[in-house]
Q: 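My questions all concern the structure below.
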Amino acid sequence: MPTLTYRDALNQALREEMARDPDVFLMGEEVGVYQGAYKVSRGLLEEFGPNRIIDTPITELGFAGVGVGAAMVGLRPIIEFMTWNFALLAIDQIVNSAAKMRYMSGGQVGMPIVFRGPAGAALQLAAQHSQCFESMYAHIPGLKVVMPATPADAKGLLKSSIRDNDPVVFMEGEMLYNTKGEVPEGEHLVPIGQAEIKRPGDHVTLICYSKTVAICLKAAEQLAAEGVSAEVVDLRTIRPLDLETIFASVGRTHRAVVAEEGWYFAGAGAQVVDEIQKGIFDELDAPVLRVTGADVPMPYNKHLEKAAKVSPEKVVTAVKKVLYLE
Amino acid sequence: MPTLTYRDALNQALREEMARDPDVFLMGEEVGVYQGAYKVSRGLLEEFGPNRIIDTPITELGFAGVGVGAAMVGLRPIIEFMTWNFALLAIDQIVNSAAKMRYMSGGQVGMPIVFRGPAGAALQLAAQHSQCFESMYAHIPGLKVVMPATPADAKGLLKSSIRDNDPVVFMEGEMLYNTKGEVPEGEHLVPIGQAEIKRPGDHVTLICYSKTVAICLKAAEQLAAEGVSAEVVDLRTIRPLDLETIFASVGRTHRAVVAEEGWYFAGAGAQVVDEIQKGIFDELDAPVLRVTGADVPMPYNKHLEKAAKVSPEKVVTAVKKVLYLE
Amino acid sequence: MATAKSARKADTKLAEKYRGYLRQMLLMRRFEEKAGEAYSLGKIGGFCHLYIGQEAVAVGCMSQLRPDDYIVTTYRDHGQALARGMSARAVMAELFGKATGCSRGKGGSMHLFDASLGFLGGHGIVGGHIPLAAGIGFAIKYRKQDQVAICFFGEAAINNGAFHEALNMAGIWKLPCIFICENNRYGMGTALDRATATWNISERAASYDMSREVVDGQDLLEVMAAMDRAVVRARRPAAPTLLEIRTYRFVGHSMSDPIHGHYRTKEEVEAHRLRDPIILWSEKLKADGLIDDEAIRKMDEEVKAEVQDAYDFADQSPDPEPEELWTDVYAPTEAK
Amino acid sequence: MATAKSARKADTKLAEKYRGYLRQMLLMRRFEEKAGEAYSLGKIGGFCHLYIGQEAVAVGCMSQLRPDDYIVTTYRDHGQALARGMSARAVMAELFGKATGCSRGKGGSMHLFDASLGFLGGHGIVGGHIPLAAGIGFAIKYRKQDQVAICFFGEAAINNGAFHEALNMAGIWKLPCIFICENNRYGMGTALDRATATWNISERAASYDMSREVVDGQDLLEVMAAMDRAVVRARRPAAPTLLEIRTYRFVGHSMSDPIHGHYRTKEEVEAHRLRDPIILWSEKLKADGLIDDEAIRKMDEEVKAEVQDAYDFADQSPDPEPEELWTDVYAPTEAK
Ligand SMILES: Cc1ncc(C[n+]2csc(CCOP(=O)(O)OP(=O)(O)O)c2C)c(N)n1
Ligand SMILES: Cc1ncc(C[n+]2csc(CCOP(=O)(O)OP(=O)(O)O)c2C)c(N)n1
Ligand SMILES: [Mg+2]
Ligand SMILES: [Mg+2]
């Protein structure tokens, strides 16, 4: 299997789906001439032309709405946000138009659209450019929220999202774009709504997604060295949650730690905790602990930023707590 | 003590605080000449004049930003959203400007501002006009989120919010405006961050806020008739959460049900559940159950809408589950 | 001989058309009056925004469209739905929240839809649907077709960022869109000049390299003529237009708003009522000898009967099944 | 005699001022060059947007302000901070993320603040700070004071809804705001004409009943003159202005963007470099006999030393204390 970066895996998914379906187009800031702010759309303008790769003004609310309108009449838009931080300007269109169109119209108007772009923090981009909003979108019925951690999942889930008939919020990671991994060629589809066990284990379940998957895998290694066998469950999709996989794993380990990059209050992890304690309360030998980003706007200084972020060490500490090792 | 409607209690708080502090002003759609879309600002234009009661164009993003700018130089704006549904257009200013200004500026620029208006569903306003977004705002460090359930709390919390030096998201309820209750005259301040036990009980704790408080009180009555003694804890403030009061109550009853009007996925209730199972895991005799609005865009038809909403019956059913009575 | 004959034919065809427009306006008027009645009886809930006084705008604009064109509009959508040819039954049933409604009772007054007629809602966020119209226009161009996408909105919406962002894209991409600003002078209780820095709304089109016209919305012929020009511009090769159509709301903003009070006087409303589009059009048709009072009376009776039938239909129609609460949140079908 | 003498005095005072402006522009230029260097060395992180080529805009605009006026700007804020009188040390230390930085190391390059100078950021959301400027203008008017609030933004920001909503309010409320559009022709890699339906940006002021001017941003005198007129309009009785100042970015959008490539050619950049505002101003001063090459060389040496000092200061300054992570999220003080 060829090894690709997460960026190129996304690029491949876009290329394959645009070749497969003439109704699919990509619209956003700098996606064309500039080849993408993070080069995810590199080469697509040359291959598909300006009718299908559309550079927009810096008007997130407006072009998100243009995407929604195009989807109302059957096109399959991929709307790229340069980052999800800027999508706050467009959230009205995502929540009030895209997520509700089918329902408000009594099922007459479909909404096959993908909103995508990098989410969360990179390095020293400070408060306005380092945010995670998946829990906001996952809060909304009508939306699906997908957050792949690996190149293979990035390709497989983006292809599934583009083919999906509902609005999908697809969150990538600037810090993930350069990560490498094996990616199946051609028709590789990862179904929305399926978590994956990225590392099997017996003593504790580490539930994670997007950037925290690599962190939890590191933590699992450190723990292994100390004789603790941790199972790493990559949610991959935040909404809908794959409760079956979560319950099966925690049902075996009886202990869980949820790691998410974003803030703790009503984060996606809180929902995971809620589901676990409700679904398999009697299986729990300890409270489910969460490791989240520090509950502050992201500081610029690199040491402060590092301290604000989730780390393998923080995950290990939480694991030891749920194992009552400390 | 005089009996007032929730609406008039808010009106009184606005009037008293504007009389007390010339830096306080009210800005929003229809707050002046029209006397407020829901008449919360009735009479204020006449009393304080057009310099302090400002009607705006229908530009939520813009006038929220005007409020933030005014607060940056020391005024104390009260920004009214006709409803919080429309505030999605302004969320960028609330999250990226208001919540981060103090931090980004290294503490130089304060943000004493209140964003207020009705939240949640009224009657048959359908999908775009019936939403609860408190969990989105409570997710954001830098913001405080306040949701009073009674006229007295409405007055006391609005006064505290206006005097607070941080951005406060203050959510009212169209269905609460006409509810009546005793309201202390004059200097009545309810501190932000303090829950209140609205009805004491021993067997189970009902955790609620805003519109679900009355629902839980009704449920508690029905339960009393069946010999179940339920304690009703009104959070009043969503962020910061009053964990002390929650833990004290659930620590005694060992069982809890959380009732919120909004959607279940990563709702504020999920955070409450997370805190409880983490904070007093060993005190729990049953999983904490949540009663939430149906996980769908709000339908227009009145029967469907009723079925979508939280009701005393749904709360009672949940209570019986956590008491293993069914 | 033959030509004279065909000329007469054309004449009578045109006469029928013109009488048809009167009937449409009457239907809209009677429908809204009935809706107001039903609202007071509690048969209709939520917000209910009537179109009384603005009838000529919807009729004039729709009269220039093809069946395959698209329309998006605001919460003030009853009249436009009827003008597009949706049945009084389907619309009234929707206001009643019934399963037989055009949105199956799930959308209500503010969210009328009929995809088969290209009537794509009924949207409740002021300004929020304007980018949708640009998106539909984008899709038309993407597919190299020649339909047009028209968008109705009130004059208060033109201050909202969504309006400007959408018109800018329509301008740079030359989308087949017609942006129709129904300037009824008030956004709820706020008069145009208290909310908008320019009195001459349509000038904002200059910022977007867009054609513009100011139209008397109470004069059906004027609306038809301006819309005809806009549609010609919009069909291939496409160019967007901003129409400012000046009209007036004879009733309150919604059923919960009095006709006059805080923000406008009884006198002002009465002065505007003198230019009732239905009266003006009736007078014209009578002057042209195309109709007489008797015929108008009969037409009105017919229309009232049609509205009563719609009312009875809506009243007797079933509510949606309880399971309907859970459907239409996500697509039932498999991925494409 | 006396008059001639005072005239000479005035002359020399003006001459000093003019030389001072040259020094400011040189300082900005050398500062940015050094910042670029430090970025490549990894001493500065995150995004870093340099101001090279646009110096005359900041200097010309700031030169007309009072100490009690207010400024808000974008992420491209280093030059403006220096032009407002913030020390090279405080700004460089902020870029280094140090405790001695103007935002105590928490804001960084995109979020420079100095409340004591009315320099209120440094904002990262395109268009998002324009309503803030309107709000500051609102506060000035609310307090019946006569300061002005100025707002810098790029030409790409004028398509964003926030720009339109803010200018409309500034227009209806006649706020003491000056909206300064630094038209450097590109928003990142997008040329003005690909994103904006009108080539003549300042015309958008017409939508908001606002005065406007188009200014050559490479010519310091022109910027000063236009800004002077705008400030006069903004002080009581207040009236807002939209200035379109045409300039050019000699470097990439940010440190991660090459100077030329996908979206503009080497030739284009070189052609614009011929109108380097620093060279043009130096030539003018020399022609007027207010300075000579030798003096300019010495001035440049001084400036370089000042920048090196700032660099060393930043480099040697301490990082914020770890506890700083948790401070400034909420106000420390009690409620008012
Ligand atoms: C974004 C947003 N803000 C506020 C409202 C509440 N609201 C509904 S209609 C309306 C007035 C709109 O006036 P106009 O655009 O002139 O249309 P008209 O009602 O006159 O037809 C307002 C403020 C809303 N629906 N959406
Ligand atoms: C709302 C938003 N969308 C996108 C971005 C990413 N971005 C940062 S600067 C920029 C280009 C802005 O160009 P312009 O306004 O002309 O200012 P300039 O950089 O030329 O000074 C973009 C797209 C952003 N910061 N905010
Ligand atoms: Mg209007
Ligand atoms: Mg630019």
Q: Output the distance between atom NZ (Lys302(A)) and atom NZ (Lys43(D)), rounded to the nearest 0.5 Å.
A: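 Between atom NZ of Lys302(A) and atom NZ of Lys43(D) there are 8.5 Å.
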
Q: Which heavy atom of Tyr300(A) sits nearest a heavy atom of Leu95(D), and at what distance?
A: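 Residues Tyr300(A) and Leu95(D), closest heavy atoms: OH-O, 2.5 Å.
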
Q: Below 4.5 Å from any heavy atom of chain A, which atoms of Phe96(D) appear? Answer side chain, backbone, both or neither.
A: backbone

Q: Please determine, among Val126(D), Thr196(D), Ile158(D), Asp328(D), the option with the most heavy-atom pairs under 4.5 Å with chain A.
A: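 Of the options given, most contacts go to Val126(D).
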
Q: For the residue pair Leu325(D) and Ala308(A), what are the closest heavy atoms and their distance?
A: CD1-CB, 3.8 Å

Q: Starting from the C-alpha separation in whole Å, work towards a yes-or-no answer on side chain to side chain contact (heavy atoms under 4.5 Å, CB included) for Val33(A) and Arg194(D).
A: CA-CA 11 Å; Val33(A) 172; Arg194(D) 292 204 302 124; 3.6 Å; yes

Q: Any idea which of Asn159(D), Ile44(D), Asp319(D), Val329(D) has the most non-hydrogen atom pairs under 4.5 angstrom with chain A?
A: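 Highest number of heavy-atom pairs under 4.5 Å: Asp319(D).
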
Q: What part of Ala294(A) gets within 4.5 angstrom of chain D, counting heavy atoms only: side chain, backbone, both, or neither?
A: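 Both parts, backbone and side chain.
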
Q: More than 12 non-hydrogen atoms from neighbouring residues, nucleotides or ligands closer than 6.0 Å to NZ on Lys218(A), yes or no?
A: no

Q: Is Leu89(A) close to chain D through its backbone or its side chain, or both, or neither, when contacts mean heavy atoms under 4.5 Å?
A: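 Side chain only.
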
Q: What are the two closest non-hydrogen atoms of Glu321(D) and Leu304(A), and how far apart are they?
A: O-CD2, 3.7 Å

Q: Kindly assign one of parallel, tilted or perpendicular to the pair His262(D) and Tyr34(A), based on the angle between their ring planes and the thresholds 30° and 60°.
A: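 Answer is perpendicular, since the angle exceeds 60°.
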
Q: Do you know the tightest heavy-atom contact between Gly107(D) and Ala126(A)?
A: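 For Gly107(D) versus Ala126(A), the nearest heavy atoms are O-CB, 3.5 Å.
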
Q: Would you compute the distance between atom CG of Asn301(A) and atom CZ of Arg104(D) and round it to the nearest 0.5 angstrom?
A: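 The CG atom of Asn301(A) sits 11.5 Å away from the CZ atom of Arg104(D).
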
Q: Students often mix this up, so state it plainly: with edges at 30° and 60°, are the rings of His129(A) and Phe47(D) parallel, tilted or perpendicular?
A: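 Geometry flag for Phe47(D) against His129(A): perpendicular rings.
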
Q: What's the shortest heavy-atom distance between Gly187(D) and Glu30(A), and which atoms?
A: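 Looking at all heavy atoms of both residues, the shortest contact is O-OE2, 2.9 Å.
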
Q: Please identify, among His123(D), Glu324(D), Glu94(D), Met188(D), the residue contributing the most non-hydrogen atom pairs under 4.5 Å to chain A.
A: Met188(D)

Q: Counting only heavy atoms not in Lys39(A), do more than 12 sit closer than 6.0 Å to its NZ atom?
A: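 It does: Lys39(A) NZ has more than 12 such atoms within range.
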
Q: Counting only heavy atoms closer than 4.5 Å, note whether Glu29(A) contacts chain D via side chain, backbone, both or neither.
A: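 Glu29(A) has no heavy atom closer than 4.5 Å to chain D.
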
Q: Identify which part of Ile58(A) has an atom lying under 4.5 Å from any heavy atom of chain D, answering side chain, backbone, both or neither.
A: both

Q: So, for Ala195(D) and Pro57(A), which heavy atoms are closest and what is the spacing to 0.1 Å?
A: O-CG, 3.4 Å

